[in-house]
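First up is the structure itself, then whatever we jot down about it.
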Amino acid sequence: MNRIVLLGPPACGKGTQCRNIVNLLGLTTLGTGAMLRREVESGSDLGTDLDKYLSAGNYVPDELIMTMVNNWLTAQNGNGWLLDGFPRTLAQAESLEANPTTQPTLAIGLDVPEFELEQRIANRRECASCDSTWTVSPGQSSECPSCGGELRSRSDDALDSFRVRYANYKEHTQPLFDYYAAKGKLLFINGSNSPEDVFASIKKFLTQ
Ligand code: ADP
C-alpha cells in the first residue's frame, strides 16, 4: 500500500513529479493548493475566506485544511494515495499519524535553493481546466499539453507573494523533512536537477 506525501518549497517541481508518480503507481492524488484555488473560484463563502490567505501567500489555518483533506481521505476507502502540498505544518503531519490508515508510508522531500525557485516561478503556468502545472518557455503556446485547456499565471505567483510563501515554507514545512527522517520515511531528493533526472531518482527508489 502506497500512501505518499510530497514536500518541498513553492515551484520545486511537486506538481510535475506528482503526475509522474501517479502515472507510475496508478495512485489517486490530491493537490491541496489546486483544491483551495477551486474553492476560491467557486465564489462560495468559504472561498472568499480562503482567498484572504492565498492571495497574501499565507498558509490557510490548520483546522480548515485538515477538515478538507480528511474528507478526501475518507472517500478513498483505504486505497493508496499521493498528497501534493499536505502536510505543510507539524499539526497537519500529526493529524495523518493519528490514524493508522492515514499514516504516510513515504515522504518525498524535494530540495531546491531559493534563487532557483524565484527564476522558476516567473515561468510557471496552471491549466484552467485540469489544474496541472507547467513551466513555459518564451513564445510557447498557452495550451495545456495534457488536456488542451488554457494555461495561465497563478495570481499568487507574484514575487512578493512567493517570498511570503517561501518564508512560511522555511519556518513550518522544512522541519517536516527531519520529522519524517526520524521515522525512517524520508526520501530526500535534489530537485535542482532536470525534471527527468529528478523522476529517475524517485522511480529508482519506488521500483527497487
Ligand atoms: P506552492 O507549493 O507553489 O506554494 P500550492 O498550489 O501547493 O503551491 O499551494 C498554494 C497555496 O495554497 C499555499 O501558498 C497556501 O496558501 C495554500 N495551501 C496549500 N496547501 C496547504 C496546506 N497543507 N496548509 C495550508 N495552506 C495550504
Side-chain angles (χ1 to χ4, degrees), residues 4-19 21-22 29-42 46-73 81-97 102 104 107-114 116-128 130-136 151-177 179-180 189 191 195 198:
I4 303 176
V5 295
L6 255 181
L7 310 171
C12 70
K14 288 196 300 290
T16 304
Q17 299 309 329
C18 174
R19 270 197 300 278
I21 298 166
V22 161
T29 184
L30 176 68
T32 47
M35 173 184 73
L36 294 169
R37 285 189 291 279
R38 265 199 308 276
E39 190 66 43
V40 171
E41 277 172 20
S42 78
L46 174 62
T48 310
D49 196 27
L50 291 172
D51 192 31
K52 292 180 208 135
Y53 301 100
L54 264 72
S55 51
N58 287 318
Y59 285 0
V60 307
D62 282 333
E63 295 304 325
L64 236 166
I65 186 85
M66 278 159 32
T67 304
M68 294 174 88
V69 171
N70 260 327
N71 290 340
W72 185 86
L73 289 171
W81 40 251
L82 187 153
L83 293 178
D84 168 8
F86 188 97
R88 264 177 156 95
T89 64
L90 185 60
Q92 293 176 19
E94 306 234 282
S95 78
L96 291 177
E97 293 298 320
T102 60
I108 300 177
L110 290 176
D111 188 48
V112 178
E114 185 177 7
E116 232 181 283
L117 298 168
E118 287 197 8
Q119 286 166 0
R120 290 184 189 188
I121 213 118
N123 299 325
R124 183 156 80 158
R125 302 289 182 276
E126 186 172 62
C127 174
C130 72
D131 294 335
S132 58
T133 303
W134 305 89
T135 302
V136 295
L151 293 184
R152 56 191 186 183
S153 294
R154 275 170 40 179
S155 58
D156 65 347
D157 270 352
L159 202 53
D160 286 357
S161 162
F162 165 76
R163 292 198 170 127
V164 175
R165 276 149 66 209
Y166 188 74
N168 277 319
Y169 165 78
K170 281 296 245 193
E171 184 180 347
H172 299 288
T173 310
Q174 207 179 42
L176 298 181
F177 280 52
Y179 176 88
Y180 286 113
I189 298 281
V198 170

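All ligand and atom numbering here is 1-based and tracks the order in the structure.
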Exercise. Salt bridge between Glu114 and Lys170, side-chain N to carboxylate O under 4.0 Å?
Worked result: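 Salt bridge absent between Glu114 and Lys170.
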For this session: Inspect the contact between Glu118 and Arg163 and indicate whether a charged nitrogen and a carboxylate oxygen are less than 4.0 angstrom apart.
Result: yes
Problem set entry | Contacts of type salt bridge (charged side-chain N to carboxylate O under 4.0 Å, His left out), residue Arg19, not counting sequence neighbours | none
For this session: Apply salt bridge (charged side-chain N to carboxylate O under 4.0 Å, His left out) to Glu94 and list each qualifying residue two or more places apart in sequence or on a separate chain.
Result: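 By the salt bridge (charged side-chain N to carboxylate O under 4.0 Å, His left out) rule, Glu94 matches no residue at all.
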Problem set entry | With sequence neighbours excluded, residues passing side chain to side chain contact (heavy atoms under 4.5 Å, CB included) with Asp62 |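 Counting only residues at least two positions away or on another chain, Asp62 forms a side chain to side chain contact (heavy atoms under 4.5 Å, CB included) with Met66, Thr89, Ala91, Gln92.
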Exercise. Cys18 pairs by side-chain contact (heavy atoms from CB on, under 4.5 Å) with which of Leu30, Leu6, Thr133?
Worked result: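 Answer after filtering Leu30, Leu6, Thr133: Leu6.
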For this session: Let me know which protein residues bring a heavy atom to under 4.0 Å of ligand 1; chain then number is fine for ordering.
Result: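 Contacts of ligand 1 under 4.0 Å: Pro10, Ala11, Lys14, Thr32, Gly33, Leu36, Arg37, Leu54, Asn58, Tyr59, Val60, Ile65, Gly85, Phe86, Arg88, Gln92, Arg124, Arg154, Asp156, Arg165.
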